[in-house]
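Data block below; observations after.
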Amino acid sequence: MILSDADILERLEAGDLVVDPLDDPELQIQPASVDLRLGREFLEFQRTNISCIHPDSEQEIDEYITETVVDEGDDFILHPGDFVLGTTYERVEIPADLIAHVEGRSSLGRLAVVVHATAGLCDPGYRGQITLELSNLGSAPVALTPGMRISQLTFTELKTPAERPYGSDRGSKYQDQDGPQASRIGSDDEFGGDQLERDG
Ligand SMILES: Nc1ccn([C@H]2C[C@H](O)[C@@H](COP(=O)(O)OP(=O)(O)OP(=O)(O)O)O2)c(=O)n1
């Protein structure tokens, strides 16, 4: 079951679902979602210097990325073909019996701005800001203003609460993330072909 505006408000008031800060609930709580705003930090990917990223090398990923913090009153220009990581301004806490989906807003989709390239799921138990995978599929640069409502979160109730919510085991690489976080796939417990060869 997907939560409606009334359900969302009830869970926010109960305190187990957190969206913080929720400065303008009337504007941000939509019929069945909560609009989240864009933060000021961005991780940009260099176009040169690295010929190939090996996902199990966090050093290569970190070398390939630079951080930009947009000054108050300025915009971040997302150029055609760009892919950057942004962050929601709000921090969320998802209780063990809900799963949240990050969706783009139609108004930005109509400008060819995609808010999550692949991953759009916030696990039961997840706490932190949400990293946005921003890309511009259009042919004109688009100015993104920190504070603008950029994405929306929908909530689905699980049949039973998760037994091992996010944060309760040794995965959970992104728990309590603050600002955009680059891929930490290299921290996976089991990674790559060696494991497959051993299994085979
Ligand atoms: N666009 C997104 C999608 C997810 N998340 C956060 C909330 C998720 O609960 C957490 C982990 O997401 P995934 O399970 O999709 O990621 P991984 O499987 O790569 O990480 P882990 O191994 O930690 O589960 O990251 C995020 O910040 N931004």
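Computation of the quantities below employed the complete heavy-atom set of this structure, encompassing side-chain atoms and omitting hydrogens, waters and symmetry-equivalent molecules. Numbering of residues begins at 1 and proceeds along the displayed sequence. Just so you know, ligand 1 is whichever comes first in the structure, and atom 1 is the first atom listed for that ligand.
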Has ligand 1 got any nitrogen or oxygen that is less than 3.5 angstrom from a nitrogen or oxygen of H116?
-> no
Can you name the atoms of ligand 1, numbered from 1 with element, that are less than 4.0 Å from a heavy atom of [X]?
| X | answer |
| --- | --- |
| S172 | 23 (O) |
| C122 | 7 (C), 8 (C), 9 (O) |
| Q177 | 26 (C), 27 (O) |
| T131 | 1 (N), 2 (C), 26 (C), 27 (O), 28 (N) |

Part of L121 with heavy atoms under 4.0 Å of ligand 1, whether side chain, backbone, both or neither = backbone
Which protein heavy atom lies closest to [atom], and at what distance to 0.1 Å?
| atom | answer |
| --- | --- |
| atom 21 (P) of ligand 1 | K173 NZ, 3.3 Å |
| atom 19 (O) of ligand 1 | Y174 CE1, 4.0 Å |
| atom 14 (O) of ligand 1 | D123 OD2, 3.4 Å |
| atom 11 (C) of ligand 1 | Y166 OH, 3.5 Å |

Within the supplied structure, the quantity of interest is the number of heavy atoms (other residues, nucleotides, ligands) at a distance under 6.0 Å from [X] [atom1]; does it exceed 12?
| X | atom1 | value |
| --- | --- | --- |
| R164 | CZ | no |
| Y89 | OH | no |
| E67 | CD | yes |

Take D178 and R91 through the salt bridge (Lys or Arg N to Asp or Glu O under 4.0 Å) test and state the conclusion after the steps.
-> CA-CA 8 Å; D178 185 15; R91 186 182 169 279; over 6 Å; no
Verify the distance criterion only: is there a donor paired with an acceptor across the side chains of E41 and T87 at less than 3.5 Å?
-> no
Protein heavy atom under 4.0 angstrom of atom 1 (N) of ligand 1, is there one?
-> yes
Rounded to the nearest 0.5 Å, what's the gap from OG1 on T131 to CD on Q181? Could you check?
-> 6.0 Å
Parallel, tilted or perpendicular: rings of F45 and F83 (30°, 60°) = tilted
Quick check: does any side chain N or O of R40 sit under 3.5 Å from a backbone N or O of V70, one acting as donor and the other as acceptor?
-> yes
